[in-house]
Amino acid sequence: MPDVSRDRQTDAPANSPLAAYTTLRLGGEPGTLTVAAETDQAVTTLRNASAEGRPVLVLAGGSNVVIGDAGFAGEVLLLRARGIEVVGQQAGTITVRVAAGEVWDDFVEYAVTNGWSGLEFLSGIPGSAGATPIQNVGAYGSEVADTIVAVHAYDREQDTVRAMSAAECAFAYRSSVFKYSDRYLVLHVDFRLAVADESAPIRYAELARSLGTEAGDRVSLRQARDTVLKLRAGKGMVLDPDDRDTWSVGSFFTNPVVTAARWASLGLEQAPHWPGQDGSVKLPAAWLIEHAGFPKGFAGDGVSISTKHTLALTNRGDGTTTALLDLARTIRDGVLEKFGIELHPEPVLINCEL
Ligand SMILES: Cc1cc2nc3c(=O)[nH]c(=O)nc-3n(C[C@H](O)[C@H](O)[C@H](O)COP(=O)(O)OP(=O)(O)OC[C@H]3O[C@@H](n4cnc5c(N)ncnc54)[C@H](O)[C@@H]3O)c2cc1C
């Protein structure tokens, strides 16, 4: 089994506050913290916690959580199980099983290097492979639901490990059966990828423009990955410890979707929008935020909107979760007042609320 692990999800000294494990660098003390390097150990930790009635927080890369300043008074399970294994080969495709604690972008790089197509547009997304099904991570016209064929999870309710089909995972826009639920611990994820040197068809206009191609065209896997990484870096969407615009959870709000009737009543025809197949319309939260009076760099107390991307709320170094959520509330309320549209947070909020 190849080892593509690089120790990017650095583990902090014992007794560190949870801020040490989140990309926002926010969050108070854990009750107890267990680092699980093996899936068996992770399952045992959850089983014991359930038996003793202790609450559990599963944490991997910490790039999609906002943890309260008071921390989490339960068991924090830090998932670090690694491994990539080819488990099936069919005509022109390959099925690859990835352990939950594998660094997602290391796996994408590995796929590109091996000539496995389907993940290249998801380059540069922080965090672990096991967390990708949780909110069906997506970017540049692609999402993991396009390639996931099974999720192997420990079901705490049934006390058993089972393989869940993509249909059972109920993938939707930034959502799945796993999000906001502590029933399942994802242990491995199976991806079916095309064996091809070319990318999947390009679906995202900005990406096509940057590549000098048209939507629907394909480019080399390497070209697709490099271009996505460059675009993301320009928006502060690739982790860089020296760049506080990346001390975030990526997009703080999801793009709101409104019904056809609601859309007609909004009078926002001039705004950028994406019509859905059922008549609903998705609006870019970043546009709404900017047009409600919150520009890039708009600051709170030690926190601010990123100077590179309106959707990212960032810790400037001396922020707190309280200040971050105050800023988020100000933005959410301002958008509601101006457009009558409610924004919803994309990350999982732990021991805090908006
Ligand atoms: C700079 C930046 C850019 C980003 N860009 C994108 C983007 O383009 N698209 C996108 O979709 N997201 C993006 N994100 C959000 C984030 O990277 C993804 O959601 C990522 O998949 C989270 O992985 P993680 O390992 O850090 O999860 P964590 O933050 O550790 O956990 C997130 C949630 O998943 C749960 N969880 C994690 N692992 C497991 C598991 N094995 N089993 C069960 N539950 C689990 C946790 O309990 C928690 O509820 C971005 C974040 C940052 C900081």
Side-chain angles (χ1 to χ4, degrees), residues 1 3 5-24 26-68 70-85 97-104 106-107 126-135 150-164 168-169 176-190 249 347-352:
M1 198 180 301
D3 179 13
S5 315
R6 271 179 275 131
D7 201 12
R8 216 185 294 152
Q9 289 164 330
T10 316
D11 288 332
N15 302 324
S16 297
L18 292 169
Y21 303 103
T22 67
T23 51
L24 271 168
L26 297 177
E29 306 286 330
T32 50
L33 188 135
T34 303
V35 182
E38 304 293 337
T39 50
D40 287 356
Q41 186 193 1
V43 170
T44 305
T45 305
L46 284 202
R47 236 179 222 142
N48 292 344
S50 295
E52 291 159 20
R54 283 180 293 125
V56 179
L57 167 62
V58 176
L59 209 54
S63 62
N64 210 30
V65 286
V66 180
I67 301 177
F72 181 80
E75 173 77 46
V76 177
L77 174 66
L78 213 53
L79 205 54
R80 294 291 183 262
R82 302 274 167 97
I84 297 175
E85 195 186 353
R97 182 163 300 162
V98 187
E102 196 62 63
V103 175
W104 171 251
D106 286 357
F107 173 50
S128 63
T132 60
I134 309 296
Q135 72 156 9
V151 171
H152 303 262
Y154 170 62
D155 180 344
R156 296 179 75 193
E157 235 171 73
Q158 307 283 328
D159 189 23
T160 183
V161 174
R162 63 192 183 95
M164 299 168 71
E168 275 181 281
C169 296
S176 75
V177 71
F178 308 109
K179 196 158 176 186
Y180 308 124
S181 162
D182 62 1
R183 176 168 173 182
Y184 300 103
L185 172 67
V186 174
L187 302 175
H188 293 95
V189 186
D190 290 355
V249 286
V348 178
L349 271 51
I350 312 284
N351 203 13
C352 57

Report yes if the side chains of V58 and D182 come closer than 4.5 Å at any heavy-atom pair, otherwise no. no
For a 4.5 angstrom cut-off between non-hydrogen side-chain atoms, does L46 reach L77? yes
Going through the checks in order, is the side-chain contact (heavy atoms from CB on, under 4.5 Å) test met by V66 and L26? CA-CA 7 Å; V66 180; L26 297 177; 5.8 Å; no
Is it true that a side-chain atom of E102 and a backbone atom of H188 form a donor plus acceptor pair closer than 3.5 Å? no
Atom of V151, atom of C169 and distance for their closest heavy-atom approach: CG2-SG, 3.7 Å
N64 side, atom CG; L349 side, atom CG - distance, nearest 0.5 Å: 10.0 Å
Which pair of heavy atoms, one from V186 and one from P133, lies closest together, and at what distance? CG1-CG, 4.5 Å
With F72, which residues qualify under ring-ring contact (aromatic ring centres under 6.0 Å, His included), at least two apart? none
Please enumerate all residues that pass ring-ring contact (aromatic ring centres under 6.0 Å, His included) together with Y154, with sequence neighbours excluded. none
Decide yes or no on side-chain contact (heavy atoms from CB on, under 4.5 Å) for V103 and R82, but give the supporting numbers first. CA-CA 8 Å; V103 175; R82 302 274 167 97; 4.0 Å; yes
Could you report the tightest heavy-atom contact between I84 and V98, atom names first, then the distance? CG1-CG1, 4.2 Å
Interatomic distance, CG@L78 vs OH@Y21, rounded to 0.5 Å, equals 6.0 Å
Spatial distance of atom CD1 (I67) from atom CG (L18) [nearest 0.5 Å]: 4.5 Å
Between the CG atom in L59 and the OG1 atom in T22, the distance rounded to the nearest 0.5 Å is 7.5 Å
With side chains defined as the heavy atoms from C-beta onward, is the minimum distance between R156 and L185 less than 4.5 Å? no
Report the distance from atom CZ of R97 to atom CD of E85, rounding to the nearest 0.5 Å. 6.5 Å
With sequence neighbours left out, write down each residue that passes side-chain hydrogen bond (donor to acceptor under 3.5 Å, both in side chains) with R47, or none if nothing qualifies. D159
F178 CZ to Q135 CD distance, which is reported to the nearest 0.5 Å: 13.5 Å
Closest non-hydrogen atom pair between I134 and S176, with its separation: O-OG, 2.8 Å
Sorted by chain and number, sequence neighbours left out, salt bridge (charged side-chain N to carboxylate O under 4.0 Å, His left out) with E168 holds for R162
T32: which residues meet the side-chain hydrogen bond (donor to acceptor under 3.5 Å, both in side chains) condition with it, sequence neighbours left out? E75
R183 to S181 - nearest heavy-atom pair and separation: N-OG, 3.1 Å
Results of side-chain hydrogen bond (donor to acceptor under 3.5 Å, both in side chains) for E52 - residues two or more places apart only: R54
All heavy atoms of V177 vs all of M164, minimum pair found to be CG1-CE, 4.1 Å
